[in-house]
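Read the structure below first, then the notes.
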There are 2 protein chains.
Amino acid sequence: MSQKEGNYATEQRGRIRQNIIDAIAETMDLYGATHSSGQLYGIMFFEDRPMTLDEMKIRMNMSKSNMSYAVRSLVESQMVKKLEEKQERKELYAAEVDFFLAFQNFFTLKLQREINVMTESISKALPELTELILDQHISDQERNLALQDLYKLRHGQTYYEWLQQFVNALKRGEYFKDFSSPIDC
Amino acid sequence: MSQKEGNYATEQRGRIRQNIIDAIAETMDLYGATHSSGQLYGIMFFEDRPMTLDEMKIRMNMSKSNMSYAVRSLVESQMVKKLEEKQERKELYAAEVDFFLAFQNFFTLKLQREINVMTESISKALPELTELILDQHISDQERNLALQDLYKLRHGQTYYEWLQQFVNALKRGEYFKDFSSPIDC
DNA sequence: ATTAGTGTACAATATTTTTTGTACGGAATG
DNA sequence: CATTCCGTACAAAAAATATTGTACACTAAT
């Protein structure tokens, strides 16, 4: 009977966990993560010790190859950290369990990538557009159209300057002031 | 010759625009938008007047059916607004050209959805977990495992309370204080 | 009312993305 | 130094997603 009850508890805890894991996966889907990555993060979130690829493979019931791929994407978005030490030759991975840090890491990275892509392309476009506007051969109509585009890009530039400041503040933890993160450092 | 020069200008402007549009699409890819939606938003961003489905179809060289689908996803994420009035029976859509507002709309919506999904699932899980912990039949080991999960969920709850405040502040435009948005209202 | 024409649902198709299996380079072990 | 075994690259297969075509409901004009 004690055995039976033990199983009940384990199963019940498994069900409760799975609901949360599904919610996490659904949530991560929103930001472009694959469903598998989301599930994997959910599993690692509840696991209190670092995991190896083989463990993930078993828990996710998927190929090791795919786990390698999934965990890499999580490491890249800094939702998971690769540990320095190994366990019997196997590399160890641990989820970032502090949601505040996960938020900070994830959005800092994504927004910074956006800023880089957009500012680079705007920086290239602005002189080209200016050149076009200054060209004496083009018609007034063409010049006006080009000018409209120029204003749009200038607006974009202003926006990305703001976004850079926003990201910097996020990096510094400004927005977490009121709520203290479990890990204060 | 003036004709020829005019074509040059139009084509050059088209090339410059296309680079920016590609960058926008790449950027929106990061947040889970489809590539087509990203391209479509880019086109609409540069277009200064509202567009109809047929115009989109031509500009994107895609089926009207698909444009209907793509524009709906943009309207849902509030990157594009459906106008009240029609033009010769056709519905009109206009891009949100203010990047500050687009940011505000987009993230307010996505983060709020995340908050709703997660808080609902955490709210369901907490009493179940508490029930399990209070169960007199389970072993100490099981109880401790359930307790660990409980702490994780409580941490999640704290995080989502913070995130809700963050979203509220974003809605109120707190983070735009220093930079004034083109449309101040 | 009748007609014309728009937007969308839905099934079929095309394309992209994810997943797997396998093979191999390279690091840890003896 | 040889051997074992881990992690990943890569091609093939499977699954998911995006796109199209068609049909139809519904709105707007006649």
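Leu53(B) has its CG atom 6 Å from the P atom of dT8(C), to the nearest Å. Between the P atom of dT18(C) and the CG atom of Leu74(A) lies a distance of 13 Å, rounded to the nearest Å. Remark: P of dT6(C) and NZ of Lys82(B) are 15 Å apart, rounded to the nearest angstrom. Rounded to whole Å, atom P of dT4(D) lies 16 Å from atom NZ of Lys90(A). What separates CG of Leu92(B) from P of dT27(D) is a distance of 18 Å, to the nearest Å. Following rounding to the nearest Å, Met56(A) (CE) and dT19(C) (C1') show an atom-to-atom distance of 17 Å.
A salt bridge links Glu120(A) with Lys124(A); the closest basic N to acidic carboxylate O contact falls under 4.0 Å. Under a 4.0 Å N-O distance rule, the pair Glu47(B)/Arg49(B) qualifies as a salt bridge.
The side-chain hydrogen bond (donor to acceptor under 3.5 Å, both in side chains) analysis of residues 22-34 of chain A, with sequence neighbours excluded, yields the pairs Gln18(A)-Asp22(A), Tyr31(A)-Glu114(B), Thr34(A)-Ser37(A).
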(request) Treat primed atoms plus P, OP1 and OP2 as sugar-phosphate and everything else as base, then score nucleotides 9-26 of chain D 5' to 3': B for base contact with protein heavy atoms under 4.0 Å, S for sugar-phosphate contact only, - for none. (result) BB-------SSBB-----
Can you pull every protein N or O that's under 3.5 Å from an N or O on nucleotides 23-30 of chain C?
residue: dA28(C); atom: N3; partner: Arg89(A); partner atom: NH2; Å: 3.0
residue: dT29(C); atom: O4'; partner: Arg89(A); partner atom: NH2; Å: 3.2

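Judged as a side-chain contact (heavy atoms from CB on, under 4.5 Å), and not counting sequence neighbours, the contacts of Glu91(B) are Lys82(B), Lys86(B), Tyr93(B). Residues passing the ring-ring contact (aromatic ring centres under 6.0 Å, His included) test with Phe166(A), sequence neighbours excluded: Trp162(A), Tyr175(A), Phe103(B), Tyr175(B). Every side-chain contact (heavy atoms from CB on, under 4.5 Å) that Phe45(B) has, sequence neighbours left out, goes to Lys152(A), Ile24(B), Tyr41(B), Val97(B), Phe99(B).
Asn66(A) contributes no side-chain N or O that, together with a main-chain N or O of Met62(A), makes up a donor-acceptor pair within less than 3.5 Å.
Counting heavy atoms from C-beta outward, Glu96(B) and Met79(B) have side chains that stay 4.5 Å or more apart.
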